[in-house]
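Everything below concerns the one structure shown next.
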Amino acid sequence: MQGETKALLDFQGQTALALLAALTLPSPCRTIVVGGYDAAAVAAEAERHGLGFVENLDWEQGQTTSLQCGLRAASADVSTDTLVLHPVDLPLVTQEDYDAVSAAYDVSPSDEVGRRVAATSIGMRRGHPIFFSAAVARELLDLEASGSARSVFGRHQDLIAHAIVSNEWVRRDLDHPEDYAAALAAFSARSN
């Protein structure tokens with residue numbers, strides 16, 4: 001949705017970021033919100049929910065720069081090998097989805113360099129959140145700005161533990177106004 005601040009999209013008085021802030025991550029994970037477009041407003045919303053914030057000054061170069069900005073901030077502050085990727089334009093992921101992928105990660109295989117990955121999955125197609133190890137994070141940090149996180153996770157397809165879920169919103173993001181309208185309807189149906 002061009003020109004919209006996805007983190008601040010309204011869901012019956014709550015922002016998309018507030019919906020994600022309400023989810024419980026495995027300990028000791030800490031949420032770091034990455035903002036670029038409208039960074040001051042996103043930072044204020046992150047602070048309001050007790051979340052860390054880092055500004056991506058290169059946000060116009062694409063999503064990979066935001067991911068890398070967040071990973072750099074996390075690597076300076078995280079005492080765990082587990083990192084979680086969850087784009088803010090997937091605000092209808094549930095606690096059950098998080099619990100499923102966390103459980104899958106706990107039993108996921110590790111290769112010789114410590115790569116581990118677990119993701120929500122519908123029909124064996126990855127969704128979010130994605131849990132991954134520091135070894136995978138290093139590969140993500142090595143991507144060019146034009147690169148894709150999908151390519152890194154795709155290289156390790158045999159390592160991915162799929163947490164099978166039924167929530168279509170683990171894969172359905174808010175790129176267009178009609179996506180947001182559908183998300184609002186789904187959120188309203190869940191709330192009633």
Side-chain angles (χ1 to χ4, degrees), residues 1-59 63-103 105 118-120 127-132 134 137 140 149 163 165 167-175 177 179-192:
M1 292 185 8
Q2 195 74 5
E4 294 285 339
T5 305
K6 293 180 182 181
L8 304 179
L9 290 174
D10 182 73
F11 287 85
Q12 297 179 352
Q14 299 177 76
T15 64
L17 186 54
L19 296 178
L20 297 182
L23 299 170
T24 302
L25 293 169
S27 183
C29 285
R30 177 176 164 290
T31 301
I32 298 173
V33 178
V34 179
Y37 177 79
D38 206 6
V42 175
E45 182 69 0
E47 183 178 336
R48 195 173 86 118
H49 296 286
L51 305 176
F53 178 82
V54 62
E55 183 176 1
N56 177 14
L57 298 175
D58 298 321
W59 65 272
Q63 291 179 332
T64 298
T65 64
S66 290
L67 170 60
Q68 291 171 331
C69 187
L71 288 173
R72 283 190 295 275
S75 68
D77 187 42
V78 172
S79 61
T80 182
D81 183 52
T82 305
L83 295 110
V84 179
L85 172 59
H86 188 150
V88 74
D89 66 346
L90 292 146
L92 298 187
V93 170
T94 67
Q95 187 64 51
E96 291 77 21
D97 301 322
Y98 258 87
D99 293 345
V101 75
S102 180
Y105 187 78
T120 55
H128 287 87
I130 299 174
F131 286 39
F132 54 97
L140 293 165
V165 298
N167 178 10
E168 71 173 315
W169 293 99
V170 302
R171 291 191 40 83
R172 191 169 174 189
D173 56 14
L174 307 181
D175 286 340
D179 300 325
Y180 177 44
L184 281 173
F187 182 77
S188 179
R190 278 187 195 174
S191 301
N192 292 332

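Heavy atoms only, all atoms of each residue included: Ala100 and Val165 are closest at CB-CG1, 4.1 Å. The heavy-atom pair separating His128 from Leu90 by the smallest distance is ND1-CD1, 3.5 Å. Closest of all the heavy-atom pairs between Val88 and Ala7 is CG2-CA, 3.6 Å. The minimum heavy-atom distance linking Phe131 with Tyr105 is given by the pair CB-CD1, 3.6 Å. Of all heavy-atom pairs spanning Pro91 and Ala16, the tightest one is CB-CB, 3.8 Å. Taking all atoms of both residues into account, the shortest heavy-atom contact from Ala186 to Trp169 is CB-NE1, 3.6 Å.
Ser102 and Asp99 are not linked by any side-chain donor-acceptor pair at a separation below 3.5 angstrom, with hydrogens and angles left out of the test.
Here Leu67 contributes atom CG and Arg72 contributes atom CZ; the two are 9.5 Å apart, rounded to the nearest 0.5 Å. The distance from the CG atom of Leu8 to the CD atom of Gln14 is 13.5 Å, given to the nearest 0.5 Å. One distance of note links OG of Ser66 with CD of Gln68; it measures 9.5 Å at 0.5 Å rounding. One finds the CG atom of Leu71 at 8.0 Å from the CG atom of Leu85 (value rounded to the nearest 0.5 Å). Here Glu96 contributes atom CD and Asn167 contributes atom CG; the two are 9.0 Å apart, rounded to the nearest 0.5 Å. Put simply, CG on Leu92 and CG on Leu174 are 7.0 Å apart, with the number rounded to the nearest 0.5 Å.
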| query | Passes side chain to side chain contact (heavy atoms under 4.5 Å, CB included), Tyr98 versus Leu25? Steps please. | reply | CA-CA 7 Å; Tyr98 258 87; Leu25 293 169; 3.1 Å; yes

| query | Can Asp97 and Thr120 be said to form a side chain to side chain donor-acceptor pair (under 3.5 Å), step by step? | reply | CA-CA 7 Å; Asp97 301 322; Thr120 55; over 6 Å; no

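Using modelled atom types, no side-chain atom of Glu4 and backbone atom of Leu9 make a donor-acceptor pair closer than 3.5 Å. Side-chain atoms of Thr15 come within 3.5 Å of backbone atoms of Ala18 as a donor-acceptor pair (strictly under, hydrogens ignored).
With sequence neighbours excluded, the residues that form a ring-ring contact (aromatic ring centres under 6.0 Å, His included) with Phe11 are Tyr180, Phe187.
A side chain to side chain contact (heavy atoms under 4.5 Å, CB included) with Leu51 holds for exactly one of Arg48, His49, Glu47; it is His49.
The local environment of CD in Glu168 is crowded, with over 12 non-hydrogen atoms from other residues, nucleotides or ligands closer than 6.0 Å. Under a cut-off of 6.0 angstrom, the local environment of CD in Glu55 is crowded, with over 12 non-hydrogen atoms contributed by other residues, nucleotides or ligands.
A 4.5 Å side-chain heavy-atom check between Val84 and Ile130 finds every atom pair outside the cut-off. With contacts defined as side-chain heavy-atom distances shorter than 4.5 Å, the pair Ile32/Phe53 does not qualify. Two residues are said to be in side-chain contact when any heavy atoms from C-beta on lie closer than 4.5 Å; Leu140 and Phe132 meet this criterion.
Note on Lys6 versus Asp38: no salt bridge recorded, every NZ/NE/NH1/NH2 to OD/OE distance being 4.0 Å or above.
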